[in-house]
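Have a look at the structure below before the remarks.
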Amino acid sequence: MPSSPPSKRQRTPFEKGLDRLFEGTTMGFALFILLLLLAIGLLILVQAWPAVQRFGLSFLWTSSWNPVEGREVFGVLPMVYGTLVSSAIALLLAVPLGLGTALFLSENFIPLKIRTVLVFMVELLAAIPSVVYGLWGIFVLIPALKWFLGLFGVSFAGPSMLAASLVLAIMILPIITAISRDSLAALPPELRQGSYGLGATRWGTIFRVLIPAAISGIVGGVMLALGRAMGETMAVTMLIGNSNTINPSLLAPSNTISSLLANQFAEAKGIQVASLMYAAFVLVILTLIVNILADWIVRKLQAKY
Amino acid sequence: MTTISGKPDDIFDAGSLKAKKSSSRNLFNIIMTGLAGLCILLALIPLVLVLFYVFVNGANSLNLDLFTQLPPPPGSAGGGISNAIMGTLIVVAISTVISVPIGVLCAIWLSEFGSDDTSIDEYVRFGVNILAGVPSIIAGVFIYGIMVRPGRPGYSALAGGVALAVLMLPTIIRTADEALKIVPQEIRWAALGVGASKYQTVLKVVLPAAIPAILTGVTLAIARAAGETAPLIFTALFSPFRFNGITEPIATLAVLVYNFAILPFRAQQELAWAASLILVLLVLLTSIIARFATRQKTY
Amino acid sequence: MTDVVLRAKECDIYYGSYKAVRDVSIDIPKNKITAFIGPSGCGKSTVLRCFNRLNDLIESFRLKGKMTYHGQDLYAPDVDPVEVRRRIGMVFQKPNPFPKTIYDNIAYGPRISGFKGDMDELVETSLRRAVLWDEVKDKLQESGFSLSGGQQQRLCIARTIAVQPEVVLMDEPCAALDPISTLKIEDLMKELVQNYTIIIVTHNMQQATRVADYTAFYNAQVVEGAGGKVGYLAEFDSTEKIFSDPEQESTRDYVTGRFG
């Protein structure tokens, strides 16, 4: 019997079903991501519930953390303070440096080939594991700071807000640089030509045309970096000294929410676990606010033009 | 040739075109250029210093024992980190096996089906962005709550792998989504045009075309995961012993660096530097390989 | 007798080792419109961009020969390209307003040049001269992108003349516009030429005959062995002469539409 041409063959209902099955399966996995997010939030909240019931919102402004049995009091204020202050200092240092680096790498100050290498090097800065920064901080940065501050007669114990913030700044700098550079590079070349054609200088063009035009991307990158700084754990844990008190001195030890979690989870029991979960929930909310704010700022600034 | 004639006029002040080095405008430009150059110099100093110390201190303790011996008890010298090297490979393998299928299938829906549907794809993309912004330690807290806390199986290599998988997911989804989108639309039309069904088109034509780029993304995600510590310290925990099954606590390079760095013993600190060197080399190599791999584009 | 504003003398233009234009010598007369016409790749835009040193933005660019502005060598080492561009403005093929308000688009040039006078008045006169004032006077604080393509291009012209340059270079200013906007821009050019010297690059020969006093025809020839084309100035004369009785065969072929 001669074989019939392929075009004559009908697709079986089974084959038609495969198509729907395939789409359904992939969609299931896509929805799984949303489910996962929901599960993260809910699970942490449920596990935190005993602490939420016991301490209520006063958890947020209580500044003692006492896991001794029978006298347990838990409050997360010092860690919120440490999280916000260390992130703020890191931003203060990293934003100008990152933006300057991005500008230098998006303009033609140096030949393209060298620029490509430098871009790659900045990317590497982001790729080095957090725990390696921590190790380096303990054995290189802190001794160096000790020596430097000693020149001015300032005594410095070592683990401190200052050391943690410095390393944090190094770690978020590549994020700011990469996103700022991308948004500057995405600008149409006509903008630059138009400005030069009117007799603007290079830096006049940068400050008055390029940065304003790219501001939404730059601010978005800074917010993203802030979110990263607030959640960064290992390097900070190894350098901040993990002292659960508020001390206005940058040279004194402090603590952040993520460092608290890293330090205490493995040995926590009972209400302490619930309190740590409560602290984790506070961290989730803080980073969520920053990330959503970033989204909102980017959209608002874009709408202007 | 033309009717134009005449000499350059004398009224024009040719000197006004001259650059004035001392003018505030030129000074400003020179200063700003210098400042921007200084920024990149300051940005790269930490990189050089970190790499320098990791290489020097790590290379000092590099020897064969490192890859064959177990860590010594606190206070004594010698030993190696063979169990941590093994452990990192195992935990990362677990997380890859979990996250790659989920991530790639999710990306396939986003790029191949998502836009035909309602706005669910926007929610999913937003969800992926939020997941990428979730601090790594939160992934650890989450898995601790599911798999480790009292009453559950407890610390295990598996729990560590799952926690890392949560962190790898957004990277894999994003890169796979990008990789699938770059595949030209014409290829899909061509496949559909010869009578292939949608799943055949995606699995036999589109996905193979995107595989190199997806692999690059997966490689980078693996490198990143290998250095992650925070999600492991209370899921995989640590173990001074050799691999003992995926339901038992396991040593990893990253956690070893953390644990040994804060011990006051020289031998442990040296092992921490050696482990750091291995981690950094891993990251460096994968970054460079990924960079060269993306340069050779199929399309 | 007409004064010469810009003069190119035996200019060769290179990008890296690639020679794009060879041996251009031309005198641009004051307060006239000069059109550069010719087939694609003949280097007319390249020559135009040399006059205000905008080609400096391209790293591999190199000029051999002499370009003078009122007798002053534009490429002398001590000349500041920023000063050059303030006197010789440029309007581009694609309208390129800044992502700023209409007002700020016009005020941008004067502000960076340190203009100290009445900015509102300058913005208004610039917009009036670009015949855009009546269309935008009620929405000066809206984005420049809210305008139509033709309006955007007139905004860019207004932005250029707000700096009060002496010369305005126009690189195919109507290429992206509809016929009605094109006519508006052409009328505007005829207005402006009383105060400015204008050079316009155009693909549209009717446009050259409509607006230009002088026309330069550029042509390209294939370079043996190099695998590329090099542009050169074939003929330069009054527009009337170029289009009715050109000296060169190639010019006649081009203006009668036989090639290009």
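Chain letters run A, B, ... following the sequence lines, proteins first, then strands; residues in each count from 1. Not measured: the values here are computed from a predicted model.
- Between B:Leu49 and A:Trp136, some side-chain heavy-atom pair lies under the 4.5 Å cut-off.
- Residue A:Met230 does not touch chain B at all, counting heavy-atom pairs closer than 4.5 Å.
- Contact count against chain B (heavy-atom pairs under 4.5 Å) is highest for A:Ala127 among A:Ala127, A:Gly231, A:Ala280.
- Counting heavy-atom pairs under 4.5 Å between each of A:Ala294, A:Pro174, A:Gly100 and chain B puts A:Gly100 at the top.
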Do A:Thr25 and B:Trp109 pass the side chain to side chain contact (heavy atoms under 4.5 Å, CB included) test, and can you show the C-alpha distance, the side-chain angles, and the key distance before you say yes or no? CA-CA 9 Å; A:Thr25 311; B:Trp109 184 77; over 6 Å; no

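- Between chain A and the residues B:Gly127, B:Pro170, B:Ala36, the most heavy-atom pairs under 4.5 angstrom are made by B:Ala36.
- The most heavy-atom pairs under 4.5 Å with chain B, out of A:Asn291, A:Thr233, A:Thr287, A:Leu135, come from A:Leu135.
- Heavy atoms closer than 4.5 Å to chain B are found nowhere in A:Leu224, neither backbone nor side chain.
- Contact of the A:Leu31 side chain with the B:Ile120 side chain is registered, since non-hydrogen atoms from C-beta on lie closer than 4.5 Å.
- For A:Ile33 against B:Cys106, the heavy-atom pair with the smallest separation is CG1-SG, 3.7 Å.
- At distances below 3.5 Å, at least one donor-acceptor pair connects side-chain atoms of A:Asp19 with backbone N or O atoms of B:Lys198.
- No side-chain heavy atom of B:Thr229 sits less than 4.5 Å from a side-chain heavy atom of A:Ser130.
- Each of A:Trp203, A:Phe104, A:Phe22 has some count of heavy-atom pairs under 4.5 Å with chain B, and the biggest count is that of A:Trp203.
- Using cut-offs of 30° and 60° for the angle between ring planes, the B:Phe28 and A:Phe207 rings count as tilted.
- Expressed to the nearest 0.5 Å, how far CD of B:Glu228 lies from CE of A:Met234 amounts to 9.5 Å.
- Ranked by non-hydrogen atom pairs under 4.5 Å with chain A, the options B:Leu284, B:Leu169, B:Val50, B:Val283 are led by B:Val50.
- Note: A:Leu261 CG to B:Ile137 CD1 = 5.0 Å, rounded to the nearest 0.5 Å.
- Checking side-chain atoms of B:Tyr155 against main-chain N and O of A:Ala266 turns up a donor-acceptor pair under 3.5 Å.
- Looking at A:Leu34, only its side chain comes within 4.5 Å of chain B, counting heavy atoms on both sides.
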Going through the distances and angles, do A:Leu118 and B:Ile40 end up as a side chain to side chain contact (heavy atoms under 4.5 Å, CB included)? CA-CA 9 Å; A:Leu118 291 178; B:Ile40 187 158; 3.7 Å; yes

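- Interface remark: A:Leu43 contributes side-chain atoms only to the contact with chain B (heavy atom separation under 4.5 Å).
- Ranking B:Gly227, B:Pro135, B:Cys39 against chain A, the residue ahead of the rest is B:Cys39, based on heavy-atom pairs under 4.5 Å.
- Contact annotation for A:Val131: both backbone and side-chain heavy atoms come within less than 4.5 Å of a heavy atom of chain B.
- Contacts between A:Leu283 and chain B at a heavy-atom distance below 4.5 Å involve the side chain alone, from C-beta outward.
- The CG atom of B:Leu44 lies 11.5 Å from the CD1 atom of A:Ile170; values are rounded to the nearest 0.5 Å.
- Heavy atoms of B:Phe260 lying under 4.5 Å from chain A are absent altogether.
- Note: A:Phe139 and B:Tyr53 fail the aromatic proximity criterion, with ring centroids not under 6.0 Å apart.
- Interface remark: A:Pro96 contributes backbone atoms only to the contact with chain B (heavy atom separation under 4.5 Å).
- The parts of A:Leu97 that come within reach of chain B are both its backbone and its side chain, each placing non-hydrogen atoms under 4.5 angstrom from that chain.
- The choice from A:Gly227, A:Ala39, A:Gly98 that makes the most heavy-atom pairs within less than 4.5 Å of chain B is A:Ala39.
- In this structure, chain A has a heavy atom under 4.5 Å from the side chain of B:Val54, while its backbone stays farther away.
- Interatomic distance, CD1 of A:Ile128 versus CG of B:Leu47, reported as 5.0 Å (0.5 Å rounding).
- In terms of non-hydrogen atom pairs under 4.5 Å with chain A, the most contact-rich of B:Ile143, B:Leu203, B:Leu51 is B:Leu203.
- One finds the OG atom of B:Ser136 at 9.0 Å from the CZ atom of A:Arg228 (value rounded to the nearest 0.5 Å).
- For A:Arg20, the CZ atom counts as loosely surrounded, since its 6.0 Å shell holds 12 or fewer non-hydrogen atoms of other residues, nucleotides or ligands.
- Using a 4.5 Å cut-off between heavy atoms, A:Glu123 contacts chain B through its side chain alone, with no backbone atom that close.
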May I have the step-by-step check of side chain to side chain contact (heavy atoms under 4.5 Å, CB included) for B:Val104 and A:Phe29, ending in yes or no? CA-CA 9 Å; B:Val104 171; A:Phe29 280 101; over 6 Å; no

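- Heavy atoms closer than 4.5 Å to chain A are found nowhere in B:Leu282, neither backbone nor side chain.
- Atom OH of B:Tyr199 sits about 10.0 Å away from atom CG of A:Leu21, to the nearest 0.5 Å.
- The part of A:Phe32 that comes within reach of chain B is its side chain, from C-beta onward, which places non-hydrogen atoms under 4.5 angstrom from that chain.
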Please determine whether side chain to side chain contact (heavy atoms under 4.5 Å, CB included) holds for the pair A:Ile138 and B:Gln269, giving the CA-CA distance in whole Å, both sets of side-chain angles, and the decisive distance to 0.1 Å. CA-CA 11 Å; A:Ile138 291 177; B:Gln269 291 171 4; over 6 Å; no

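- Contacts of A:Ile110 with chain B are absent, with no heavy-atom separation under 4.5 Å from either backbone or side chain.
- Heavy atoms of A:Thr177 lying under 4.5 Å from chain B are absent altogether.
- Contacts of B:Leu131 with chain A are made by both backbone and side-chain atoms, with heavy-atom separations under 4.5 Å.
- Note on A:Leu103, A:Thr201, A:Leu173: by heavy-atom pairs under 4.5 Å with chain B, the leading option is A:Thr201.
- Heavy atoms of A:Val140 lying under 4.5 Å from chain B belong exclusively to its side chain.
- Taking B:Ile288, B:Val280, B:Val141 one by one and counting their heavy-atom pairs under 4.5 Å with chain A, the maximum is reached by B:Val141.
- In terms of non-hydrogen atom pairs under 4.5 Å with chain A, the most contact-rich of B:Ile138, B:Leu277, B:Val148, B:Ile146 is B:Ile138.
- In terms of heavy atoms, B:Ala261 sits closest to A:Met238 at CB-CE, 3.6 Å.
- Contacts of A:Ile257 with chain B are absent, with no heavy-atom separation under 4.5 Å from either backbone or side chain.
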